[in-house]
Amino acid sequence: MISVSSFQEISDRRPPMKRANCTEVREFVFQGFSNFQEHQLTLFIIFFVLYILTLTGNVIIVTIIRIDHHLHTPMYFFLSVLSTSETFYSLVIIPRMLGSLVGLSQTISLECCGTQLFFFLGFGITNCFLLAVMGYDRYVAICNPLRYSIIMNWKVCVILASSVCATGFLLSLVQALAIFRLPFCNTLIKHFFCDVRPILDLACTVPVVNQVLTLVLTLMVLTAPAIFLFVSYALIISTILKIASSDGWKKTFATCSSHLTVVVIHYGCASIVYFKPKSENSKDQDQLLSVTYTVITPLLNPVVYSLRNKEVQDALRKVLCRKSLS
């Protein structure tokens, strides 16, 4: 994905006068957090702790949903898929980043960079679409409760989850192939992983086709799901307000508050990163902002659903009690 603001920046770039001087680039070097040399050990400790918490939290969420039959519902099925995707999403980025912070090699081959970009975009796009599907699930559950079991049957759930994953990786493949067919005239990636904009900054030229493609994908992945979720929750809130009982109102709102919290934070972080005006950008700011969607966002899912969701809390207590008694 690439920000809308950077679309104009790339459009303004002109191809170098002598393309013949461009040598074939087969390896890149990450700048990483070299501008924060004196804080690299502190950053390593912070990111390592967050990474362990992310892995532990998501594994616990998936395990609890799998073993507790009360959580075998469409809502928690999609949550387990999201937790699995978030786990692999963080695996693509964070281990290499942690290695660079302790002085390991910061070089990456062209092929490995393309692979990292492919999986980063694949899981990232999948997560965006999954949140939209989870919003639709909440809409059907609250606005059409009598038809919920018919509309959201297990066959439909599996098809939706499979389609979201397939679409995410298909779009990722298209973007990765379009980028890595370009000639590169520089090797220094001013970032800590292979993201779209830092890689495009190294290209000798960026054709109009690539510019249009990155813009369209950004709108598809961020704007379209966000609008869909906005409409879904507008309908959900209007339905909730019609409930006469205050207890019923609170119970209904509680069923979607956790998901709404994740949605707001997830799309809020993504919007800051990808839609912030270019004039306010700096490379250091871009790196720090990227931490929100590579380190912090994957941690939101288990934290929010474990701290704010009573059903997950109860299921976790049951599992812990069984283990203590055995």
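Keep in mind it's a predicted model, so treat the numbers as computed, not measured. Worth knowing before you read on, the calculation uses all heavy atoms, side chains too, and leaves out hydrogens, waters and symmetry mates.
- Of all heavy-atom pairs between L182 and A178, the closest is CG-O, 3.7 Å.
- Q211 places a side-chain heavy atom less than 4.5 Å from the side chain of V206.
- Taking every heavy atom of both residues into account, I65 and Y76 meet most closely at CD1-O, 3.3 Å.
- Side-chain atoms of D195 do not come within 3.5 Å of backbone N or O of R197 as any donor-acceptor pair.
- Under the 4.5 Å side-chain heavy-atom criterion for Ile, Leu, Val, Met, Phe, Trp and Tyr, I179 and L188 are members of distinct hydrophobic clusters.
- Residues Y139 and Y233 keep their aromatic ring centres 6.0 Å or farther apart.
- Of the inter-residue distances, the one linking I108 atom CD1 with E27 atom CD reads 9.5 Å to the nearest 0.5 angstrom.
- The closest donor-acceptor contact from the side chain of S238 to the backbone of L235 lies under 3.5 Å.
- Interatomic distance, CZ of F184 versus OG1 of T205, reported as 10.0 Å (0.5 Å rounding).
- Using a 4.5 Å heavy-atom cutoff, the side chains of S172 and F123 are not in contact.
- In the hydrophobic clustering of this structure, V140 groups with I237; members are Ile, Leu, Val, Met, Phe, Trp, Tyr whose side-chain heavy atoms approach within less than 4.5 Å, directly or through other members.
- In terms of heavy-atom proximity, L55 sits nearest to S90 at CD2-OG, 4.1 Å.
- When all heavy atoms of N58 and P298 are compared, the closest pair comes out as ND2-O, 3.4 Å.
- Taken from CE in M220 to SG in C128, the straight-line distance is 11.5 Å, to the nearest 0.5 Å.
- Note on V29 and M97: separate hydrophobic clusters, where clusters join Ile, Leu, Val, Met, Phe, Trp and Tyr whose side-chain heavy atoms are under 4.5 Å apart, directly or indirectly.
- Within the 4.5 Å cutoff, the side chain of P95 has heavy atoms near those of the Y51 side chain.
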**Request:** Walk me through it: do V156 and I151 pass the test side-chain contact (heavy atoms from CB on, under 4.5 Å)?
**Result:** CA-CA 8 Å; V156 171; I151 297 174; 5.9 Å; no

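- Panel note: side chain N144, backbone R147; no donor-acceptor pair is recorded below 3.5 Å.
- Taken together through direct or relayed side-chain contacts under 4.5 Å among Ile, Leu, Val, Met, Phe, Trp and Tyr, L170 and L215 form parts of separate hydrophobic clusters.
- Between T187 and L202 there is no side-chain heavy-atom pair separated by less than 4.5 Å.
- The nearest pair of heavy atoms linking L229 to G135 is CD2-CA, 3.7 Å.
- Taking all atoms of both residues into account, the shortest heavy-atom contact from M152 to Y136 is SD-CE2, 3.7 Å.
- Side-chain atoms of C157 and F78, non-hydrogen and from C-beta on, do get closer than 4.5 Å to each other.
- Not one N or O on the side chain of H191 forms a donor-acceptor pair closer than 3.5 Å with the backbone of F30.
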**Request:** Report the C-alpha separation of V196 and L117 in whole Å, then their side-chain angles, then the decisive distance to 0.1 Å, and conclude whether the side-chain contact (heavy atoms from CB on, under 4.5 Å) test is met.
**Result:** CA-CA 7 Å; V196 173; L117 179 69; 3.9 Å; yes

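- Qualifying side chain to side chain contact (heavy atoms under 4.5 Å, CB included) partners for I52, counting only residues two or more places apart in sequence or in other chains: F48, T56.
- Annotation: side chain of P225 is in contact with side chain of F129 (closest heavy-atom distance under 4.5 Å).
- Within the 4.5 Å cutoff, the side chain of Q175 has heavy atoms near those of the T214 side chain.
- With hydrophobic clusters built from ILVMFWY side chains whose heavy atoms lie under 4.5 angstrom apart, V295 shares a cluster with F88.
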**Message:** Checking D201 against K190 for the side-chain contact (heavy atoms from CB on, under 4.5 Å) test, could you report, in this order, the C-alpha distance in whole Å, the side-chain angles of both residues, the deciding distance, and whether it holds?
**Reply:** CA-CA 9 Å; D201 286 341; K190 295 181 179 179; over 6 Å; no

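- Residues F77 and W154 are in side-chain contact: their nearest non-hydrogen atoms beyond the backbone lie under 4.5 Å apart.
- Ring-centre distance between F120 and Y89: below the 6.0 Å cut-off.
- Considering CG of L98 and CZ of F47, their distance stands at 8.5 Å, rounded to 0.5 Å.
- Within 6.0 Å of atom NE2 in H70, 12 or fewer heavy atoms from other residues, nucleotides or ligands are found, so the atom counts as exposed in its surroundings.
- For F119, the CZ atom sits in a loose shell: 12 or fewer heavy atoms of surrounding residues, nucleotides or ligands are nearer than 6.0 Å.
- To the nearest 0.5 angstrom, E86 atom CD is 10.5 Å from T126 atom OG1.
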**side-chain contact (heavy atoms from CB on, under 4.5 Å) between D137 and Y148, worked out** = CA-CA 9 Å; D137 171 69; Y148 179 71; 2.6 Å; yes

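- Of the inter-residue distances, the one linking I64 atom CD1 with I61 atom CD1 reads 8.0 Å to the nearest 0.5 angstrom.
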